[in-house]
Protein chains: 2
Amino acid sequence: MSTIGKALSLLDTVSRLDKEAGLTDIARLCGLDKATARRFLVELEKHGFVEQDPETRRYRIGSAPVRLARIREARYPFLRVAVPFIKALAEASTETVHLSEFSGSRLSTIHVEDSPRAHRVNVEVGTLLPFHATASGLAYLAFCPPDEIDAALSKPLERVTEYTIVDPAVLRGLLDETVARGFSINHQGIEAGVVSTAAPIRAPGGHPIGCVAIAAPMVRADQAGLMEFGAQVVAAANAISEKYYGSERPAGTTAQIRRTG
Amino acid sequence: MSTIGKALSLLDTVSRLDKEAGLTDIARLCGLDKATARRFLVELEKHGFVEQDPETRRYRIGSAPVRLARIREARYPFLRVAVPFIKALAEASTETVHLSEFSGSRLSTIHVEDSPRAHRVNVEVGTLLPFHATASGLAYLAFCPPDEIDAALSKPLERVTEYTIVDPAVLRGLLDETVARGFSINHQGIEAGVVSTAAPIRAPGGHPIGCVAIAAPMVRADQAGLMEFGAQVVAAANAISEKYYGSERPAGTTAQIRRTG
DNA sequence: GCATATGGTTCAATATTTGAACCCATGCTT
DNA sequence: AAGCATGGGTTCAAATATTGAACCATATGC
């Protein structure tokens with residue numbers, strides 16, 4: 001792997017830690033030599049991507065990403081565009097709705113609107129969404145080119161709950177259904193007692209960039225309800241895509257999405 | 001320079017562009033070979049730090065920084081802590097108040113509260129603040145260790161307006177005054193007709209991390225008014241520092257700050 | 001006061017980066 | 001339609017930066 005890649009992976013590792021970490025821990029977690037980890041950290045610090053607490057000597061994420069994020073969001077306000085739709089959907093569905101974005105070869109939650117109900121599904125911003133075990137992951141993957149699907153399914157698939165599907169062949173079946181339907185359904189794959197539906201937000205080329213998902217307690221989602229949620233996530237995802245990328249519609253399998261949306 | 005440094009500089013360059021740029025332009029702006037620039041971009045893209053528009057093939061900042069920024073702000077909410085103080089100060093002073101943060105060896109504006117008046121100073125979020133020509137820059141530098149001051153003053157200093165001070169010896173005098181006073185004053189150094197005062201927000205070790213500044217049209221700031229503004233920025237900067245870092249006061253020259261604040 | 005742990009540094013061996021030259025489209029000009 | 005210019009992207013030997021075992025320094029616990 002390139003040095004840059006290793007350094008960015010280190011940054012990623014640091015960002016995933018619950019708290020600030022010391023040099024030795026970081027090196028171990030990244031599988032790097034202490035000297036190497038240190039040089040990376042120094043270099044990253046120079047550019048503001050990490051900072052070292054002068055007292056504890058531990059490292060944390062720096063302020064450079066904040067600057068870049070502001071620029072990105074100013075020029076390309078995905079959240080600003082998407083959040084109103086997520087809010088509206090949360091209100092309409094009275095269930096927890098979350099928005100994910102593909103970044104750095106993973107799908108991560110970037111916004112959540114909680115259900116107003118007492119009994120609800122709680123999702124944390126920042127949560128990573130495994131492709132095989134979440135509605136968002138399946139919706140994302142379903143609309144990816146075959147080689148990306150192959151790559152995702154050839155990795156080891158964790159059995160998160162007793163209901164998680166880890167058989168690639170079965171998963172491929174789900175992906176086909178997802179494409180046909182326009183949205184994905186996940187039965188307790190990531191959390192027992194929870195069902196989700198998700199639809200991809202797609203770039204003009206057709207490639208997904210993220211997903212809209214509704215997560216509800218199983219007791220409130222019968223077959224008809226699920227179909228209704230599905231229609232809603234598809235509508236929201238398409239609306240976001242349209243607003244984000246202008247009036248252009250995604251090419252390729254557009255018809256399939258519209259059909260069900 | 002290390003590869004990582006070069007790649008992060010490239011990222012920085014891309015972030016400074018007004019619009020998305022092509023490979024050749026980026027390579028030229030960074031002084032890199034096209035092949036090198038490309039490998040960097042590919043690597044950065046893998047990790048979500050840039051993305052390439054599939055249609056125009058141009059590059060822009062990706063979504064990874066947004067993720068990191070959220071984590072940083074969640075764990076270390078500088079803006080969240082500071083903004084209320086900036087708002088309060090803007091209201092109290094009825095002038096434009098802005099907040100800057102040191103990141104990647106530069107001071108940049110991260111929040112602005114505009115004056116409610118029609119005749120006011122406008123500052124853009126993201127603006128870089130030269131150390132020698134802005135109140136924030138001087139306030140920051142004044143409380144830095146000598147070697148950082150030397151480094152900053154040994155670089156070529158741009159004469160931004162006809163009033164900009166570019167003589168390192170004179171600037172050192174201003175820095176001494178700033179330390180003695182607890183806040184800096186900038187007379188038209190970055191924009192004719194504008195005076196500013198600024199005070200540093202400092203980490204527990206005493207090193208500045210950013211500044212609070214008031215910028216006012218000269219006609220509204222006489223000597224007494226300027227001292228009042230100065231006292232206000234010092235109070236705000238100290239309050240932010242205290243809230244941000246807990247109850248600890250910055251070590252070292254604390255007394256000087258408190259004396260004037 | 002010894003043992004252990006962590007942050008940090010060094011330098012020869014090694015793997016990665018580099019860039020001139022190249023290819024391939026696209027679009028403009030003659 | 002051939003010629004030319006421009007921009008994205010690629011190749012591979014030469015140049016250079018990266019690597020990591022061993023090292024030092026300091027702090028904490030026993």
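Numbers restart at 1 for each chain; the letters A, B, ... are given by sequence-line order, proteins then strands.
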Under 4.0 Å between a side-chain N or O of [X] and OP1 or OP2 of [N]?
X: A/Tyr59; N: C/dG8; answer: yes
X: A/Gln52; N: C/dT6; answer: no
X: A/Arg57; N: C/dG8; answer: yes

Please identify each residue that fulfils side chain to side chain donor-acceptor pair (under 3.5 Å) with [X], with sequence neighbours left out.
X: A/Glu148; result: A/His207
X: B/Glu51; result: A/Arg72, B/Arg60
X: A/Asp12; result: A/Arg16, A/Arg106, B/Arg67
X: B/Arg172; result: B/Asp150

ask   = With side chains defined as the heavy atoms from C-beta onward, is the minimum distance between A/Thr178 and A/Leu141 less than 4.5 Å?
value =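 Heavy-atom side-chain distance check fails, nothing below 4.5 Å.
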Can you tell me the distance, in whole Å, between the [atom1] atom of [X] and the [atom2] atom of [N]?
X: B/Arg38; N: C/dT18; atom1: CZ; atom2: C1'; result: 16 Å
X: A/Leu41; N: C/dT9; atom1: CG; atom2: P; result: 12 Å
X: A/Leu32; N: D/dT19; atom1: CG; atom2: C1'; result: 10 Å
X: B/Asp53; N: D/dG8; atom1: CG; atom2: P; result: 13 Å
X: B/Ile26; N: D/dG7; atom1: CD1; atom2: C1'; result: 12 Å
X: B/Leu29; N: D/dG7; atom1: CG; atom2: P; result: 13 Å
X: B/Asp25; N: D/dG9; atom1: CG; atom2: P; result: 13 Å
X: B/Arg28; N: D/dG8; atom1: CZ; atom2: C1'; result: 15 Å

key: Closest listed nucleotide, where the reference is the side chain of A/Thr24 and the choices are C/dT6, D/dG7, D/dG9   =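 Of the options given, the side chain of A/Thr24 lies nearest C/dT6.
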inquiry  = I need a per-nucleotide contact map over nucleotides 21-30 of chain D, read 5' to 3'. Cutoff is protein heavy atoms under 4.0 Å; write B for the base, S for backbone only, - otherwise.
reply    = B---------
query = Would you say the side-chain atoms of B/Glu45 pair up with the backbone N or O of B/Gln52, donor to acceptor, closer than 3.5 Å?
reply =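 Looks like yes, one N/O pair under 3.5 Å.
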query = Does A/Ser241 use its side chain to pair, donor to acceptor, with the backbone of A/Arg202 at less than 3.5 Å?
reply =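 Yes, A/Ser241 side chain to A/Arg202 backbone: donor-acceptor pair under 3.5 Å.
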task = Mind checking side chain to side chain contact (heavy atoms under 4.5 Å, CB included) for B/Val14 and listing every partner two or more places apart, or none if nothing turns up?
result =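 Partners of B/Val14 by the side chain to side chain contact (heavy atoms under 4.5 Å, CB included) criterion, ordered by chain and then number, come out as B/Leu10, B/Ile26, B/Ile61.
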Pairwise N/O distances under 3.5 Å, protein to nucleotides 16-18 of chain D:
from	atom 1	to	atom 2	distance (Å)
D/dA17	O3'	B/Thr3	OG1	3.4
D/dT18	OP1	B/Thr3	N	2.9
D/dT18	OP1	B/Thr3	OG1	3.1

Counting only pairs under 3.5 Å, give me each side-chain donor-acceptor contact of residues 126-133 of chain B, with atom names and distances, residues two or more places apart or in other chains.
from	atom 1	to	atom 2	distance (Å)
B/Thr127	OG1	B/Glu124	O	2.5
B/His132	NE2	B/Glu158	N	3.4
B/His132	NE2	B/Glu158	O	2.6

message = At 10 degrees resolution, what angle do the end axes of the helix from C/dG1-D/dC30 to C/dT30-D/dA1 form when each is taken over five base pairs?
response =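 Nearest ten degrees gives 30° for this helix.
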ask   = Which residue pairs satisfy the ring pair (Phe, Tyr, Trp, His ring centres under 6.0 Å) criterion with at least one member in residues 36-71 of chain B, sequence neighbours excluded?
value =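 Output for this query is empty, none listed.
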query = What residue pairs, at least two apart or across chains, pass ring pair (Phe, Tyr, Trp, His ring centres under 6.0 Å) with a residue in residues 64-85 of chain B?
reply =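 Matches after skipping sequence neighbours: B/Tyr76-B/Tyr244, B/Phe78-B/Tyr244.
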message = Give me each pair satisfying side chain to side chain donor-acceptor pair (under 3.5 Å) with a member in residues 29-43 of chain A, each pair once, sequence neighbours excluded.
response =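 Residue pairs with at least one partner in residues 29-43 of chain A: A/Glu43-B/Ser2.
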